[in-house]
Number of protein chains: 2
Amino acid sequence: MNRDKANELDQLDPLAYARDYFALPTHGIYLCGHSLGAMPANAPEHLASVTRDQWGKNAISAWNNADWINMPQRLGRKMAKILGANAHEVIISDSTSINLFKLIVSALSLRPDRHVILTEKENFPADLYMADGITQLLSKYQVIRCEKTEIANHLNNDVALLMLTHVDYRSSEMHDMAALTAEAHHHGALVLFDLAHSVGAVPLSLNECQVDFAVGSGYKYLNGGPGAPAFLFVAERHLSSTTSPLQGWMGHQQPFAFSNHYEPATDIKKFLCGTPPILSMAALENSIDIVSSIDIHAVKEKTDQLAELMIELMALKCPSMTCISPKAAKERGGHLGFFHQDAYAISRALLDHGVIADFRAPNLIRFGLPALYLRYVDIYDTVATVSKIINTNIYHHPRYHAVMTVT
Amino acid sequence: MNRDKANELDQLDPLAYARDYFALPTHGIYLCGHSLGAMPANAPEHLASVTRDQWGKNAISAWNNADWINMPQRLGRKMAKILGANAHEVIISDSTSINLFKLIVSALSLRPDRHVILTEKENFPADLYMADGITQLLSKYQVIRCEKTEIANHLNNDVALLMLTHVDYRSSEMHDMAALTAEAHHHGALVLFDLAHSVGAVPLSLNECQVDFAVGSGYKYLNGGPGAPAFLFVAERHLSSTTSPLQGWMGHQQPFAFSNHYEPATDIKKFLCGTPPILSMAALENSIDIVSSIDIHAVKEKTDQLAELMIELMALKCPSMTCISPKAAKERGGHLGFFHQDAYAISRALLDHGVIADFRAPNLIRFGLPALYLRYVDIYDTVATVSKIINTNIYHHPRYHAVMTVT
C-alpha cells in the first residue's frame, strides 16, 4: 500500500460521490464524525431559508403551512427506515438523555414486580447517570452494572430492563442485538438500546431483533448538527401500555384544546413533551434526507474497508498504537479506538498537523470513519501523520502535554 | 382618535426604531407575538453564518473555538439581566416543560415533610400536566388546584411548593409576584413562577421578589425562534441544596472526564442535561441581544398605551367584543383577551382580512401587543378590521365556521 494505491481505491469507490454532499472542516482531515458529524454543504442555505421563509414570512402560521406541527412525526417516519422500525414507532424529541428517562420509566412500569435495571459497567456514562438518577427518584429500583461478558449471567426474574449502548463509545465493539434481546426476553426482561454510536454507521433492524425500546442522537453519523434533537423508538406492542412520565402539551391527544387535564395521545406522539426546537429540527431533517438516500450496507462496507486499511497501516507504521477495536468487522461500529500511553499529547500534535481525531482519558485516541465523506487517502495520510509524530518524537514537545481545559 | 392621530403617535414613539430590527410576516398585522415572536431581520444570515462558519468550518472544534460549550451559561447570564436575577442563577436548557420537571422535583426535595403542590385551576395547562405527571410518579405528593383568588387561603404547612404562571395566558392578568411569594414564604412554602408569558413583555425582578424558582420560554416576547430553548432560574440560596433529577452529561462537574459516576456541577450547570441544540440556541442568543438592548420599562409603557388604545377603540367600535383583561395596566402582561360568542369565526375572518390574532377555545381572541414591532396605526387598523367583520356580518360566512384541524 502506498499513497497512489489509496488514491486508486478512492477512484473505484462507489460512495465517492457522497463526499460532495458535505462541506468539511478547513483545518484538517476530519475523523470526529462519531462525535459531531460534518455539515451537509446545503445546510447554511437550508437554515437561512427555513428561518427567512417560514419563521420570518409566516411566523405562527408556519405551524400549519410549513407543517412544523408534524415535524417530530415526519422526521420520525424517515428515521424509522434507518432503524429498521415501523413508521409509527419512532419520533424525534428532546435529547437522548431525556428520551432515556421517558423510556426507562416506561419500561419499569411494564414490569411492576421487578426491581433491577441491568446494564454494563462500561456503558456510555450519560446513560448510567440517567439510570442512577431514576433509582434516586424511585427508590424501589436499583441499577446493576456488570462486565460486558457477564450480561447473560445477570439476567434473572428481578431484571425489569436490560439497558445497553449498542456500539461501545470507546472500543467500537458492537453488541449482538438479536442474541442479547432474545436472552433478556427469555428471562422476561425488556430491552432498551442506545443507538447514538450506531445510527447512520451500521445497518439496524430493531424489529427483526425484537427490541423493545431505543433512543439515539442525530448529530453523529446522521450529521444533523450540534445538539440535534434525538429520537426514540417504542415497539408497537408497547405503545398502548406505556406513557411518558414527562407530560407536556405536545404529548396531549389534543394539544390545541388546552384542556386542563392531560390525556396522552394514543400514538407515539404521547412521548413528545414541550415545543421542539424547529430550527435544529430543520437541520436534522435536511441531513436525514441525505443519509437515508444512501444504502447503509454500502456505507458499512466502506467503513470496514477504511477501518481495515487503518488497522493494517497502523500496525505496520505505528506499532506502539494498540488497536482496542474488534478485529472482526461485523463486531465493530463506525470508529476505531487506539491506546497509547501518550494518547493525549499525540492527539494534540495530530490536530496541529492537520488530523482531527479525539482523545478520551486516560489514554485513548478515537478515529471516526464516516464512509460518506472520508477517503482512503485520508486514512493513508492520517497514519503517515501519526507515524511522523510518534517516530520523530514531535509529541514530546511540552505544548502538547499542557492540559486543555474547557471552561 | 382617527388614523392620522395613530400615525402621529407612531412618529412620536421613542421605540419606533426597534421595528426595523424585525422582518414581519407578509400576510397581515402580526398580533401573535405572545405565541411566537417575530423574526429578527438578521436571523437568517446569523443562522447561515453560525452553520457555515462554526459547524461547517470548525465542526467539533467549535465546542471550544466558537464557545458552544458555554452557550447555556452565556445565554443564561444575558437572560438573568432580563429576569432581575444574578448571572449565576440562570441557565438555558431543554424546554419549559422539562425545566418545570427539574425544578418542581428539586423544590419538593427541599420540603421533605410536605406533600402538596399548590397551583391555580386556570394555570397554563402544560404546567398542570407536568405537575400531575410528577404526582403519578411520586405518589406521596398531590396537586391542589384552587381559584386564582383563593391561593392565600390554601397556603398551609403541607404546601411544599406554590407553582404559578405569572401572566395568565388567556386574560393577561398578572400575579403580584412579591405579595404571593411573601405569603407563600410566610407558610414555609417555596415558589415557582412560569414566566413564559411575561419575559420580554414586563419588567421582572425575581430576586427583589425573593422568588425561589422560575422557568420560561424564549420564543414569545424574546423572539428566539420556534421552539427556542427555555431558561430556568434557581435562587442562589437553593443552588447548593438542589440537584436535577434528570442527570445528564452536561450537568456533570466534569463532562469531559466521562466518569462512570455522576457528580453534579456545583453551580447552575447542574441543571443541564443532554447536549443543547446549538443552532436553535444561536437564534435565541441573537434575539436576546436585541431584546436586552432595549429598556423593558419603555417596552411595558408602550405596550400599555397600545393596549389602552385597543380597549378604547374596541369599546367604541365593537362593543360585542368583551375585554377580559384587567383594566389596570400594572395588572396586565403583554396581550389582551376579548370574549365573543363567535370568536372562532371572527378570528378566521380576521386572518383573511390581514389581521393575525389567535383563538383559544371556546370563545377567546387574543391580541399580542409586542411593543418592539407594533405600531399605534396597527392597533387602529386592527380594530377597524374587527369592526368591519362584525358590523357587516362577514364572519357569518360558512367558510369561517369550518373547523380548522391540525393533523
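Labels below follow one simple rule: chain letters A, B, ... track the order of the sequence lines, proteins then strands, and each chain is numbered from 1.
No side-chain N or O of B:Ser61 forms a donor-acceptor pair with one of B:Asn65 less than 3.5 Å apart.
Applying the side-chain contact (heavy atoms from CB on, under 4.5 Å) test to B:Thr242 and every residue at least two apart in sequence or in another chain returns B:Ser106, B:Leu110, B:Phe213, B:Val234, B:His238, B:Phe271.
Counting heavy atoms from C-beta on, the side chains of A:Leu350 and A:Phe359 never come closer than 4.5 Å. A heavy-atom distance below 4.5 Å is not found between the side chains of B:Gln253 and B:Asp267. Looking at B:Met250 and B:Cys273, their side chains never come closer than 4.5 Å, going by heavy atoms from C-beta outward.
Looking at A:Phe258, the atoms closer than 4.5 Å to chain B (heavy atoms on both sides) sit in the backbone and in the side chain alike. Heavy atoms of B:Phe22 lying under 4.5 Å from chain A are absent altogether. Heavy atoms closer than 4.5 Å to chain B are found in both the backbone and the side chain of A:Ser280. The contact between B:Leu246 and chain A is made by backbone and side chain atoms together, counting heavy-atom distances below 4.5 Å. Heavy atoms closer than 4.5 Å to chain A are found in the backbone of B:Ala23, but not in its side chain. For a residue to count as touching a neighbouring chain, one of its non-hydrogen atoms must lie under 4.5 Å from one of that chain's; by this rule B:Pro276 touches chain A with the backbone only. Contact annotation for B:Asn260: both backbone and side-chain heavy atoms come within less than 4.5 Å of a heavy atom of chain A. For chain B, the nearby part of A:Leu138 is the side chain; its heavy atoms alone come within less than 4.5 Å. Interface residue B:Ala59: backbone and side-chain heavy atoms are both found under 4.5 Å from chain A. Looking at A:His46, there are no atoms closer than 4.5 Å to chain B (heavy atoms on both sides), in backbone or side chain. Using a 4.5 Å cut-off between heavy atoms, B:Val105 touches chain A through its side chain atoms alone. For A:Ser259, the parts lying near chain B are the backbone and the side chain together; criterion is any non-hydrogen pair under 4.5 Å. With a 4.5 Å cut-off on non-hydrogen atoms, B:Thr26 touches chain A through its backbone and its side chain both. In this structure, chain A has a heavy atom under 4.5 Å from the side chain of B:Ile356, while its backbone stays farther away. Contacts of A:Pro277 with chain B are made by both backbone and side-chain atoms, with heavy-atom separations under 4.5 Å. Residue contact with chain A, scored on non-hydrogen atoms closer than 4.5 Å, is absent for B:Ser109.
Note: B:Tyr21 OH to B:Tyr373 OH = 15.5 Å, rounded to the nearest 0.5 Å.
Listed here is the closest heavy atom pair of A:Leu284 and A:Pro229: CD2-O, 3.5 Å. Nearest heavy atom pair, residue A:Ala66 against residue A:Arg74, reads O-NH1, 4.3 Å. When every heavy atom of B:His335 is checked against every heavy atom of B:Tyr221, the shortest pair comes out as N-OH, 3.5 Å. Of all the heavy atoms in A:Lys270 and A:Pro264, the pair that sits closest is CB-CB, 4.1 Å.
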- Task: Run the numbers on B:Glu45 and B:Arg52 for salt bridge (charged side-chain N to carboxylate O under 4.0 Å, His left out), then give the verdict.
- Result: CA-CA 10 Å; B:Glu45 181 44 34; B:Arg52 185 180 54 238; 3.3 Å; yes

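B:Arg145 and B:Glu120 are not joined by a salt bridge, as no carboxylate oxygen comes within less than 4.0 angstrom of a charged side-chain nitrogen.
Between chain B and the options A:Tyr219, A:Tyr169, A:Tyr30, A:Phe124, the largest number of non-hydrogen pairs under 4.5 Å is found for A:Tyr30. If you tally non-hydrogen atom pairs under 4.5 Å between each of B:Ala126, B:Gly224, B:Gly251, B:Gly225 and chain A, the highest count goes to B:Gly225. Among the candidates B:Pro226, B:Ser217, B:Gly33, B:Ser97, the residue making the largest number of heavy-atom pairs closer than 4.5 Å to chain A is B:Pro226. Among the candidates B:Val50, B:Ile98, B:Thr96, the residue making the largest number of heavy-atom pairs closer than 4.5 Å to chain A is B:Ile98. Ranked by non-hydrogen atom pairs under 4.5 Å with chain A, the options B:Ala48, B:Gly274, B:Ser95 are led by B:Ala48.
One N or O on the side chain of B:Asn58 and one on the backbone of B:Asp53 form a donor-acceptor pair closer than 3.5 Å.
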